[in-house]
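Here is the structure we will look at.
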Number of protein chains: 2
Amino acid sequence: MSLIPIRSGSPLGGEAERSDAARNRELLLKAARELIEECGADGLTMDRLAGRAGVGKGTVFRRFGSRAGLMMTLLSDSEAAFQGRFMFGPPPLGPGAPPLDRLVAFGAERIAYVLEFGELARAADASAYNRYDVPAAVLWHRHIEMLLQAAGVTADPWLMAMSLSSTLDPERLLYAVRVHHVAPERLAESWRELVTRVVSCPGGVPRPDGVSQPDEG
Amino acid sequence: MSLIPIRSGSPLGGEAERSDAARNRELLLKAARELIEECGADGLTMDRLAGRAGVGKGTVFRRFGSRAGLMMTLLSDSEAAFQGRFMFGPPPLGPGAPPLDRLVAFGAERIAYVLEFGELARAADASAYNRYDVPAAVLWHRHIEMLLQAAGVTADPWLMAMSLSSTLDPERLLYAVRVHHVAPERLAESWRELVTRVVSCPGGVPRPDGVSQPDEG
DNA sequence: ATGCTAAACGGACTGCGGTCCGCATATTAT
DNA sequence: ATAATATGCGGACCGCAGTCCGTTTAGCAT
């Protein structure tokens, strides 16, 4: 199912899973979805989840590693679908369209995704240092990086992709929408402006000294 | 000394401070600096701080509101100096230089600042939703927004400033440097590329409906 | 000095994410 | 069937940020 196994459930190695473990995983996922339904993602605590599922707390962490890991697992189906669309789906999101169009579509989809899943998407962003090392994040990064290069952007694609990714951070997107009441379309439009400028601009001067070229205004 | 009082120490209103409160604040700040010296910013816990300073834990929170608030207070001198430089200091960071040059310089300074203070700067980023509503963050945002407008960037300056800000996020910068061993100069260079493209590019096609009114709640 | 009051104090308490480790059990080899 | 063993289990336990509230005290007015 999952193209890039975000988190299959078992801790690390992808070997066979004992039957009781499998049963408990299902129990936990079911309980988690119920709890989120009732209390929202923020209202889901690991103790409550364990209690609701009728298992010990240790079991929860054994399955999912962390709260963020659990949230990722809950999102893994949608995430896999998203990955499928931008890697193999129809243009402009998938291959076939010009890189810039794909970038624009990628951001728009990601924004919609984050806004759809809200707190859940936010909670899936591990608070740890390794937040950006999670497989899905690495994949998005590489995708953006690849599109930038395909679009002929020469300058440090890795860092440029990082900057663009940061724009799509769930925390920021939700802040803009929830706190500042920015309309979702405005977010997508701003993303479009951003990537368009990054891609279609001939690029900064090779930096001989501090001063740049004439700017308008 | 602080131009924009990041956090003067007293909880909110800037009125007179009782003598014992003032004494305890100094005690706490001294203890905090010592603790950071010894254990690093990550090793500073509120309990340890209280113990070291010889005050109750409640006092710590009364003074600084939260761990992030404490870190901001510890940074407030450097922060005020930074603010002074980009608002009133010499070009290219301060007024007088072309907007693009000021933007480039702003990013470079901010990157250096974050790398200098490392964990401290990271910890000063409150984990709460209000992370971006802290006075200093609002000021940076407005500064970037203003420079964008001065540079003739028409498209949704508020959101564009937000995107650019996100690139300077301490978490990301430190991740790039610490985990991926990106050289600091590469960060500054990538920032330069980014803002140059954003500013000097004619921009994406104008949208059918030109409704964009930057605003904050 | 004395009494009053608002402010500050301190530390027990809560709820959280996450860890640990002795015990139970599914699985496999014999 | 039985024994061996790796895997999973549970819940007590930890350290943490942040809160609460009864107690103390600084500052002031008399």
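Quick caveat, the model's predicted, so the values are computed rather than measured. Each chain gets a letter, A, B and so on, in the order the sequences are listed, and its residues count up from 1.
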Closest to the side chain of Ser19(A), out of dG8(D), dG17(C), dT27(C), is dT27(C)

Separation of dC16(C) C1' from Met71(A) CE (nearest whole Å):
13 Å

From the options Thr167(A), Leu194(A), Val182(A), select the one residue that forms a side chain to side chain contact (heavy atoms under 4.5 Å, CB included) with Leu159(B).
Val182(A)

Just checking, is any N or O donor in the side chain of Asp133(B) or Tyr175(A) under 3.5 Å from an acceptor N or O on the other one?
yes

Are Tyr132(A) and His141(A) linked by a side-chain donor-acceptor pair shorter than 3.5 Å?
no

Minimum-distance nucleotide to Arg63(A) side chain [options: dA17(D), dA8(C), dG8(D)]:
dG8(D)

Assign each of Arg23(A) and Arg48(A) the nucleotide of DNA chain C bearing its closest heavy atom; nearer the 5' end lies the nucleotide of Arg48(A)

Do Glu79(A) and Gln83(A) have side-chain atoms, one donor and one acceptor, less than 3.5 Å apart?
yes

Nearest-nucleotide pick for Phe61(B), side chain only, options being dG8(D), dC9(C), dG18(D):
dG18(D)

Within this structure, what is the CG-to-C1' distance between Leu49(B) and dG10(C), rounded to whole angstrom?
14 Å

Please report the distance, rounded to the nearest Å, between CZ in Arg67(A) and C1' in dG15(C).
13 Å

Among dG10(D), dT19(D), dA8(C), the one nearest Lys57(B) by side-chain distance:
dT19(D)

Nearest-nucleotide check on DNA chain D, Asp20(A) vs Gly43(B); residue mapping nearer the 5' end is Asp20(A)

Rounded to whole Å, the CG-P distance (Leu28(B) to dG10(C)) equals 9 Å

With a 3.5 Å cut-off and just heavy-atom distances, do the side chain of Arg18(B) and the base of dA7(C) make a donor-acceptor pair?
yes

Does dG10(C) have its OP1 or OP2 closer than 4.0 Å to a side-chain nitrogen or oxygen of Thr59(B)?
yes

What's the CZ-C1' distance between Arg62(A) and dC23(C), to the nearest Å?
13 Å

Please state whether the phosphate of dC9(C), meaning OP1 or OP2, lies under 4.0 angstrom from any side-chain nitrogen or oxygen of Asn24(B).
yes

Reading DNA chain C from 5' onward, which residue's closest nucleotide shows up sooner: Asp47(B) or Ala21(B)?
Ala21(B)

Atom CD of Glu17(A) and atom C1' of dT25(C) are separated, to the nearest Å, by 15 Å

Phe64(A) CZ - dG8(D) P separation (whole Å)
13 Å

Do the ring centers of Tyr113(A) and Phe106(A) come within less than 6.0 Å of each other?
no

Gap between atoms CG and C1', on Leu70(A) and dC16(C) respectively (whole Å)
15 Å

